[in-house]
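This report refers to the structure that appears directly beneath it.
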Amino acid sequence: MTAETPAATAIDRFVTQIGAQVAAYLDACVHCGQCAEACHFYEVSGDPRHTPAYKLVPLARAYRRHKAPFARLKRTLGLAPAELEEADLREWQDLIYDTCTMCGRCTMVCPMGIDIASLVGLQRRGFAAAGIGPEDLFEVAENSRIKGSPLGATPKVLAERIEWLSDEHEVEIPLDKAQADVLLTVSSIETMKYPQSIVAMARLLNHAGENWTLSSKGYEATNFGVLSGKSDVAKLMLTKIVEAAESVGAKLVVIPECGHAYGALRWTGATMMGRPLPFQVMHITEYLAKLKREGRLKLKPMAKSVTYHDPCQISRRGGATEEARFLLSDFAQDFREMAPTGNANWCCGGGGGVAAIASATELRRKVFEIKMQQVADTGAESMVSACANCRQTLDDGKAHYEWDREIDSLVEIIADHLVEA
Amino acid sequence: MTFLELTEGPLWYAASAIFVVGVLWRLAGIVRLGGPRDLSVPRASATAGAIKGIFLHMVPHGGFFSRTKFHFFAGYLFHLGLFVLVLFAAPHVLFIEERLLGFGWPALPRWGFILVAEATFAGLILLWLRRLTDPVMRQLSDGDDLAGTVLTFVALLTGCLALQESHDSLRALHMLSVEVLMVYFPFSRLMHAFTFAFSRAYTGASYGRRGVVP
Amino acid sequence: MTFVHSIVRALRLAALLLAISFAAMTTLTGGPGLGAPALAQTGVETPMEEPSPGSGKVPGRSIGNASDAEIWRAVRHGLQGNVSLPDKQAGLLVQSEGEEWRSIRNGPVTKFGGWLLLGMVGVAALYFALRGRIPIKDGRSGIRVPRFTQTQRVVHWFTASLYVLLGLSGLIMLYGKHVLIPLFGPEVFGAIASAAMQGHNLFGPLFAFAIVALFFVFLEHNRFRWADVKWWLSLGGFVGGHPKCGFYNGGEKVWYWMAVALGLTIAVSGLLLDFPFILAAPQKLQIAHLVHNIAGVAIIAGGVGHIYLGTVGMDGALEAMTRGDVDANWAKEHHDLWYQETIAAQQTARQTVAQGAAAEVTT
């Protein structure tokens, strides 16, 4: 196969990425359609096209034609599905990008346990290689490549921000220490939009008496390479952090409130780098839970009624579901769970890069109606989350609907309730 | 050679061979594709996750039951029914004893067979109708789904029509329809009867090591 | 005037039908035509005033005071002997009502049923030949109006699939010997008949569930209304243009109630036949069987019309049951009252949403 046309490139990328796991998934799907019941986009649109299993059609077709057992036999007999064409890819673009946040909720309802989200991610890598996808998302990913950060927070911008935050909030934020036990990373959403979050993390690390630093070699945890399907960008972003951590001799890398950044480094980082990582990786909620367990986190109780929005990549797909609840227990005097919650919680609607895709805005805001209803049912005044991307999506929804609840960051409210020694 | 001798002799052996070799070939074809080893530090056991995954997806979890109860009831009605019919219908037990294993086990009484057959048919027809009437399933379905359903239905039907066990031609017809089903099986989505375990186990393993089995 | 004329004509037609059905009824319930006896019994049948056993003289070699002929005659009429078996019915050598059952089933039920079925098919074919497929008058608008929910469609097709399986196997049992034996010979027919009976007995109980579900799922909109009377008076639009009509027209409602009533009759009588120990007495089983046969033929005949109009007979009808929605122009033409209600409801909903949005803006 010569990769001349976009379709051929995509097919090539699909086929080379299909291993036993993907093959088993594609061969197990019985087209029962139950996954639609779990998808927030189908929930608000009612459009059968938004059925998660339907989003896998391009990959399944390429697999059946080129890689599945008996593919050659079926091709000879004319029984294999038709070759994918560029028009097919264009038709599926909004299903692969605009209407999938790779939240993985559909896996729970799937009787075959198929990890549909990872298959959408695989398809994005094929689409991106073929140059088919939302321009705005691709641009953000290219920003990461060129400027080191999707939102343009270059090392210089970071240094300026840190200096300003340091002065403004009277908090020590070490940058580029020669040696540190803990390397803190940040999300560009925080740098540009929620800088107080960086202040909060600095306070907490200082409070714990940790020897920590930020590094201008690798600070950006947000990985739009992963979200857009641009594998080279994904690896570039990871490499920067890994090298920064190694250069300061960090034993622990802390991921900020960013969902997919956690999955990217914690769960796929070593595999993508092709070697085990010489340090531990923790999401900030995991790290704070550890501090709390060790008695290194002294908090004043919080009276306000709160509920917790599970970021998909931290809870359902990250396995740190209980850490946030452990942090909130005792501390939040009036904590209320949503229904459904934990691993089954609804997605914010903006994960997986969808928040950066303009054409997805309308449907994404409709998804926010689910969240509003969930929170209204708990009666909580405030919804906290542990993902800057969720937070930005939720804030957009709040502004759009002029919603009357507060949206907060878990790390920030904890930092606000520290009992300073 | 009579029609019955043909279907119980050469055709039966041919169909069995294609079925067994085909299924093994396809499963081996999937496994041999391999994949990169997961180098992340596990939070929990992948093996435990795989086992949990296989069993967890047998039951509704995560609060979706009210939305998927049709699939749950019709699905179990059909699948459990089919399983019982295949293994416990009196003529099947006899066939297994005489032709395959040399030993048998207690079979269903006649009333039991009829009850189970009705449940199985009800389940299959309901699932089929869902496929035809639900916009989501219509969108997903292809010719393979239709063929698999029709062949299974015909095999079940011919089996039940031969219930009187007094006509060789009806028995032969059932044998033939089952043989067609067996030949079609390895090349089709009917393979989910085996691949389900692989799929669930892979997800259970890769998420089990993250400390969560979704 | 034409209105009065049509009423008169309709009444005359009704009277004629009544007369025909009365004639059929008398034939069925013991008129002179009843006794077409089985071949084996021809010539044995004697007039009613036969001597009771033990009353006459004893011809030939005999022990006791009853002749062989008289004993056999008594046996033939259901003489109950004594047996030591627990099942006392085993003492009955000849169950003589069985002969009546047989002759009714093979006689009028087969005959009139056959004419009814062929007649229905003929009428449908003739109608199709004359009028062809009824088109949507104003063409398709492209606007879809939801008509049947998914539950309704699943229940409908579940019942329908059983209806087809049971109908076919039932017809094979009733008419197979007249149609299939000449075609395939007795050997093949033996296998087909065995298959039909096993399949029929097996699928039957599922139909009982299906018909009960059908009753509940389609009950809404099927109560009779004044509009239905007007619909029938215009004979469903043959007279005086298309009558006003709600969700269902008068004909559809009659079919619903007919299908439910006949379906339940078939289900109950069928279950009694499937589990014969409930009734135990063969005479009762024979009645159940005749009821089952007659109701079965009737529901098949009714179904011919239903299937005809639902498929080839009318453009735009089938999709209501497959996709669940219909074209707006079809709805307007055939179910105008329902269409207006639906549109009104939609507009109200839209207004409520708009008002809500307006309220949101002002606050």
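Letters go in sequence order (proteins before strands), and every chain restarts at 1.
Heavy-atom distances place the side chain of A:Ala36, and not its backbone, under 4.5 Å from chain B. Interface remark: B:Val31 contributes backbone atoms only to the contact with chain A (heavy atom separation under 4.5 Å). Residue B:Pro60: no heavy atom, backbone or side chain, is found under 4.5 Å from chain A. Only the backbone of B:Arg209 has a heavy atom closer than 4.5 Å to any heavy atom of chain A. Heavy atoms closer than 4.5 Å to chain B are found in both the backbone and the side chain of A:Ala38. For a residue to count as touching a neighbouring chain, one of its non-hydrogen atoms must lie under 4.5 Å from one of that chain's; by this rule B:Asp145 touches chain A with the side chain only.
Of the residues considered (B:Met137, B:Arg130, B:Met58, B:Arg138), B:Met137 shows the highest number of contacts with chain A, using heavy-atom pairs under 4.5 Å. Counting heavy-atom pairs closer than 4.5 Å to chain A, the top-ranked of the candidates B:Ser206, B:Gly75, B:Gly34, B:Gly148 is B:Gly34. Ranked by heavy-atom pairs under 4.5 Å with chain A, the first of B:Gly211, B:Pro214, B:Pro36 is B:Pro214. Note on B:Asp38, B:Val212, B:Leu39: by heavy-atom pairs under 4.5 Å with chain A, the leading option is B:Leu39. Here A:Ala320 is the residue among A:Gly269, A:Ala320, A:Ala68, A:Pro276 with the most heavy-atom pairs under 4.5 Å with chain B. The candidate with the highest count of non-hydrogen atom pairs below 4.5 Å against chain B, out of A:Gln280, A:Arg275, A:Arg105, A:His50, is A:Arg105. With respect to chain A, the highest number of heavy-atom pairs below 4.5 Å among B:Gly143, B:Gly35, B:Gly204, B:Pro135 belongs to B:Pro135. The candidate from B:Asp134, B:Leu56, B:Asp142, B:Leu127 with the greatest count of non-hydrogen atom pairs under 4.5 Å with chain A is B:Asp142.
Of the N and O atoms on the side chains of B:Thr203 and A:Tyr25, at least one donor lies less than 3.5 Å from an acceptor on the other residue. Side-chain polar atoms of B:Thr158 and B:Ser177 form a donor-acceptor pair below 3.5 angstrom.
When each of A:Asn343, A:Asp115, A:Thr107 is paired with A:Arg317, the side chain to side chain donor-acceptor pair (under 3.5 Å) condition holds for A:Asp115 and for no other.
Taking 4.5 Å as the heavy-atom cut-off, the residues of residues 186-199 of chain B that approach chain A are B:Pro186, B:Phe187, B:Arg189, B:His192, B:Thr195, B:Phe196, B:Phe198, B:Ser199, ordered by number.
Taking a 6.0 Å sphere around OH of B:Tyr76, one finds it holds more than 12 heavy atoms contributed by other residues, nucleotides or ligands. Surrounding CZ of A:Arg72 are at most 12 heavy atoms belonging to other residues, nucleotides or ligands under 6.0 Å away.
The existence of a salt bridge linking A:Glu83 and A:Arg75 is excluded, since no basic side-chain nitrogen approaches an acidic carboxylate oxygen closer than 4.0 Å.
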